Number of protein chains: 2
Amino acid sequence: MLIEHAVTAADKLFYQLRKDIVEGVVAAGSKLSEAELASQYQVSRAVVREAINRLSTSHLIERKANVGARVVSLTSAGLDELYQVRESLEGMAARLAARHMPVAEIQALEALLDSHLSKVKGEHSYYQEAGDVDFHYRIVVGSQNKQLINLLIDGIYHLVRMYRVQLGMAGPRVTTAFDEHRNIVRAIADRDEELAELLMRRHITYSKHHIQLKLA
Amino acid sequence: MLIEHAVTAADKLFYQLRKDIVEGVVAAGSKLSEAELASQYQVSRAVVREAINRLSTSHLIERKANVGARVVSLTSAGLDELYQVRESLEGMAARLAARHMPVAEIQALEALLDSHLSKVKGEHSYYQEAGDVDFHYRIVVGSQNKQLINLLIDGIYHLVRMYRVQLGMAGPRVTTAFDEHRNIVRAIADRDEELAELLMRRHITYSKHHIQLKLA
DNA sequence: GAGCGCTTTATTGTCGACAATTTATCCATG
DNA sequence: CATGGATAAATTGTCGACAATAAAGCGCTC
């Protein structure tokens, strides 16, 4: 997983807030008061404002002039829209990864799946969280399209995680998702662009249905 | 075209800077000095910083901590990456527009093309600028996917325009693009999702090739 | 003369205070 | 009692000054 090093105070608060929002520590739909956050985190309002501004890049908040910022709400329609975009972009990422991903990175990805396999047998919890994120993350990077990488990694991924974390994602899907990952990597290793995109889109569709069960 | 009403001082500066960057008044690759901009536009550094932060959402600048912000540079590779993403997203927008766009909006879009047709015969300049932007804009809105709308309208569209404006876009393409628009609208009116996406993707590919001639 | 380290300069980051705007409260009026 | 408007409170927007960091300039050493 990528390590984002916080150099400035606004960085730290931004990462902290993003984490808290994704994990629901700061509730969805709640208002972000600048003064409140400033005293709570012991920083000036300037850094709070900067952190909030950056959160809007991740589509985690909505800001209105002279009114303030609110954490986005999680809705069924919102999940649909998000996953439509995600399917399109990540499908393309898988296609481009099949075209451009260096063999070294592909082998590393296969090794990652191997390490996941052993862990899946024991504890189910690890895999579906960090493991799945890491898997998708590597494929996106493998696409070698900076525009796409930014859009997904800095953008909608966090909102995706927010839906997944807060609406839960347990059950038998853990292991079936693993097989889907296997097949996607195989398609990439075979440089089969069509299949890689198809499998990735299908994988994401399954994932959406799984989340929607909780939402409906 | 959507009217973005500037309510705060940071809004105004943001829109102004975005316009200046897209049109090349502020050169691509140049550094954005906070102090310089503050005195130049007669505002405090706080609003300059806020405006610059928002520009990064549009992918028009790159910011490094403790160093500053630079306007992005226009490269051939960057154009490729941008248009790969654009093709994917706008292709999907056309597909969703064919599925969801209200008939009233479709008729308005057809009327818009009619009005363009008459103007194309006389002066070529109008159509390719505002006309084309307006056309794509309406289809994206017609998709009725907020996530997608934000990504395109507030995001990569401005970078797309930056490439087009600064690398030029003259020549015989003006009229052929008009026919492509016609066919896309027809597919949407026919609710033919597959064809709408296909034609949109092709349309964007043509557009890219046309720009690349200037860049190579 | 080239390269390294220190000092100086310039630029960004952070802070607290004030201004402008919105929201809440309260009183008057029908 | 509901409603509307004026006032008061709270919140965001903007400002100028100071702190921290990075870049530039300078002298020293080899």
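Residue numbers start from 1 in every chain, and the chains themselves are labelled A, B, ... in the order their sequence lines are given, proteins ahead of strands. The shown structure was predicted, so the numbers you read here are calculated from the model rather than taken from an experiment.
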**Q** Give the B/S/- string for nucleotides 11-17 of chain D, one per nucleotide from 5' to 3', where a protein heavy atom under 4.0 Å of the base yields B, of only the sugar-phosphate yields S, and otherwise -.
**A** SBBBB-B

**Q** Give me the bend of the helix from C:dG1-D:dC30 to C:dG30-D:dC1, using the axes of the five pairs at each end, rounded to 10°.
**A**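 Overall, the helix from C:dG1-D:dC30 to C:dG30-D:dC1 bends by 10° from one end axis to the other.
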
**Q** Going by salt bridge (Lys or Arg N to Asp or Glu O under 4.0 Å), name the pairs with one or both residues in residues 71-82 of chain B, residues two or more places apart or in two chains.
**A**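 Sorted pair list: B:Asp80-B:Lys208.
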
**Q** Tell me whether B:Arg201 at atom CZ has more than 12 heavy atoms from other residues, nucleotides or ligands lying less than 6.0 Å away.
**A**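 Counting other residues, nucleotides and ligands, CZ of B:Arg201 exceeds 12 neighbours.
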
**Q** Classify the ring geometry of A:His136 against A:His203: parallel below 30°, tilted from 30° to 60°, perpendicular beyond 60°.
**A**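 Answer is parallel, since the angle falls under 30°.
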
**Q** Would one find more than 12 heavy atoms of other residues, nucleotides or ligands at under 6.0 Å from atom CD of B:Glu36?
**A** no

**Q** If you count heavy atoms of other groups shown closer than 6.0 angstrom to NZ of A:Lys19, is the number above 12?
**A**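 Counting neighbours around NZ of A:Lys19, 12 or fewer heavy atoms of other residues, nucleotides or ligands fall under 6.0 Å, so no.
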
**Q** Ignoring hydrogens and angles, state whether a donor on the side chain of B:Glu90 or B:Tyr157 is under 3.5 Å from an acceptor on the partner side chain.
**A** yes

**Q** Ignoring hydrogens and geometry beyond distance, is a side-chain donor-acceptor pair present between A:Tyr83 and A:Arg86 at under 3.5 Å?
**A**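 Side-chain D/A pair, A:Tyr83 to A:Arg86: present.
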
